[in-house]
Every structure is written in C-alpha cells, then in structure tokens.
Amino acid sequence: TPKSIFSNPKHRLALQSLIWRKLNERPELFRDSAGSRMDLQSYLPLQPGRLDLQEARKIIDHGAEFIPALLNASERDPVTVYVGKVSPWVIPLLKETGLHLSDRSREVSSKEMMDFIYKNHDYDLLSAGFSVVTGDPDGLYHALGKNGAILNPIIYRPTVGALLEEGRALLKQEDLDSHYKKVSREILKEVPFVHLGFVKSVAVYRKDRIELQGIAVRRNEGHLDVFRPLGQASP
C-alpha cells in the first residue's frame, strides 16, 4: 500500500535479499512447515521462464546493499506481519534478520487470512500461499495478472502485469521461454512477493465414499488424481 514501508522498491529488494540470506542459513524452517522445497523463483525447474540459478541469485543479492536502510526504516516504523497457521516460523525468522516488527504482528485464523488476502489490506507483510496448479508459465497470471482471479492489490506491479498480458497472446511454444524469463527477472526486480518455495499438492476426498487407487498420474498441465469407488477392483 502507499503508506507501507514496502512502497519503497529498494526496501522490497532488501527484504528479498534478507529473507533468502536467512533461509539459506536455516533451510529446515521451510521444510518443517509442510513445504516440499524452498525455491527463490516462481517458475519450476524445466518450466518455460525458469532462470539460471546464478542469474536469479545475482538479482536477489543486489538488494543486500539496501538492507541497512530497511532495518533503520523499520526501527522508525515497525513492520506489521500476519502469518497463517502453516508459517508461524516467519515472524521469528524476520526478527532474527534484525527487522523491527510491530506489536500487531501475529498468527491469524484461516477465516482472517481470506479477509486479508481479498478485502482488508491493513498490513505490511502477509505470509500466505496461493494455488497455481498448472505447467503453463502463464498460470502465475491468476496471482499477479491485471485481472487475476486471486490478485491482491498489494502485490500488483504494473510492469509484471504488462508482461503477463503479453504472454497471454503468445501462440508459439518456442516463444514462451524467452518471454517468461523476462517475467521472472521482473518479478525478482519488482518483488511483488518474496517467493519462499513450493508446497505439495493435495486432494481432499470422502473416504467413506471413495478411495485413492494408490497412483497419481502427473500431467504437464496439472495433476490428475485417479480415484475409484470404495471396494471396486482396479481395472
């Protein structure tokens, strides 16, 4: 938001660098929070738009020079952070970095989390997840696109949104990687969010009605979970 400490792009770059520096020291934090892997990029390995790791780290490390200014600013104006039930470790992690947090910072309920994502944006940082179950590099549009279905106005960046709009018009597969690499670079430079990693996909079902067959067929455009009626033999 305009009043937030992170309306300053240098502070966002500093935060990104600060968090990744600390997480590399404490990788067990993300693993223990139901996460499957830490990852500084928003596109998966082998997906169009994925940057070389060294290039991504170079952009992130650029923010290190702005860390002292961010820490000083947070001392004058403490940061309000809300976290979900799967990421209570984020608050102590941020405190370990030297960032000053306000007394309002706390863990919120699932109902409150939905409100903070879609309606109430009276905070500086929100530790939340969003679902983009797709192999399409434009799947991120739902979170960062101009008209994205789960767009939070706090994380919208016009330059990222414009690149995603361009990507939606691409028709040739060979054009995807070079274009979405631009998206990756812009996300790391504009920091709409600090991407912590990817969590495992899950399927919820009524075990009194159906049972999982024991296999999951992974398809390029998402996940296909194979179910069968309870008690029915496998074909």
Side-chain angles (χ1 to χ4, degrees), residues 6 9-68 70 86-87 89-90 93-94 96-99 125 127-145 148 155 157 159-164 166-167 170 172-201 218-223:
F6 296 112
K10 291 182 179 179
H11 289 168
R12 297 198 302 270
L13 285 166
L15 179 73
Q16 181 173 246
S17 182
L18 199 57
I19 288 177
W20 270 101
R21 177 185 292 179
K22 182 57 67 174
L23 271 180
N24 277 299
E25 295 174 4
R26 303 277 306 282
E28 74 280 0
L29 289 173
F30 188 75
R31 283 200 304 269
D32 293 345
S33 68
S36 55
R37 61 173 294 164
M38 289 194 320
D39 204 312
L40 52 84
Q41 296 194 57
S42 301
Y43 292 127
L44 285 162
L46 306 182
Q47 192 175 10
R50 179 80 175 189
L51 297 176
D52 176 80
L53 182 59
Q54 289 187 338
E55 180 182 358
R57 284 310 306 244
K58 185 176 181 180
I59 298 173
I60 288 175
D61 290 342
H62 172 65
E65 65 179 286
F66 308 123
I67 289 175
L70 169 62
V86 298
S87 56
W89 54 272
V90 169
L93 177 88
L94 290 173
E96 285 182 27
T97 67
L99 198 68
L125 289 175
S127 177
F130 54 82
S131 176
V132 185
V133 185
T134 173
D136 180 350
D138 199 37
L140 201 60
Y141 184 90
H142 296 294
L144 299 179
I155 66 175
R157 302 285 178 266
T159 53
V160 175
L163 285 171
L164 286 170
E166 289 180 37
L170 295 177
K172 297 179 180 178
Q173 187 169 350
E174 57 267 28
D175 295 335
L176 296 182
D177 189 52
S178 60
H179 178 77
Y180 283 99
K181 276 184 167 60
K182 295 178 186 177
V183 176
S184 286
R185 293 184 188 104
E186 198 63 22
I187 288 174
L188 291 175
K189 291 175 181 177
E190 279 294 321
V191 199
F193 49 59
V194 177
H195 191 266
L196 299 179
F198 299 98
V199 297
K200 297 174 182 177
S201 61
R218 291 184 179 274
R219 301 180 59 181
N220 196 35
E221 65 270 22
H223 303 287

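- Listed by first and then second residue, the salt bridge (charged side-chain N to carboxylate O under 4.0 Å, His left out) pairs that reach into residues 42-53 are Asp39-Arg50, sequence neighbours excluded.
- Residue Lys181 qualifies as enclosed at atom NZ: its count of foreign heavy atoms under 6.0 Å is above 12.
- Between Leu93 and Ile19, the closest heavy-atom pair is CD2-CG2, 4.5 Å.
- Applying the salt bridge (Lys or Arg N to Asp or Glu O under 4.0 Å) criterion to Lys22, with sequence neighbours excluded, gives Glu25, Glu96.
- For the pair Pro45 and Arg37, the tightest heavy-atom approach, listed with the atom from each and the gap, is CG-NH1, 3.9 Å.
- In terms of the side-chain contact (heavy atoms from CB on, under 4.5 Å) criterion, residue partners of Leu170 (sequence neighbours excluded) are, by chain and number, Asp175, Leu176, His179, Tyr180.
- Closest approach of Ala143 to Ile155, counting heavy atoms only: O-CD1, 3.5 Å.
- Crowding of Glu174 atom CD: a count of heavy atoms from other residues, nucleotides or ligands under 6.0 Å exceeding 12.
- Panel note: side chain Gln16, backbone Leu188; a donor-acceptor pair is recorded below 3.5 Å.
- Closest non-hydrogen pair, Phe6 versus Leu70, comes out as CE2-CD1, 3.8 Å.
- A search for side chain to side chain donor-acceptor pair (under 3.5 Å) contacts involving Ser127 returns Ser87, not counting sequence neighbours.
- Side-chain atoms of Ser17 do not come within 3.5 Å of backbone N or O of Ala14 as any donor-acceptor pair.
- Listed by first then second residue, pairs satisfying salt bridge (charged side-chain N to carboxylate O under 4.0 Å, His left out) with a partner in residues 186-197 read Arg12-Glu190, not counting sequence neighbours.
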Atom pairs and distances, side-chain donor-acceptor, residues 55-63, under 3.5 Å, sequence neighbours left out:
residue	atom	partner	partner atom	Å
Glu55	OE2	Arg185	NE	2.5
Glu55	OE2	Arg185	NH2	3.4
Arg57	NH2	Asp61	OD1	3.3
His62	ND1	Glu65	OE2	3.4

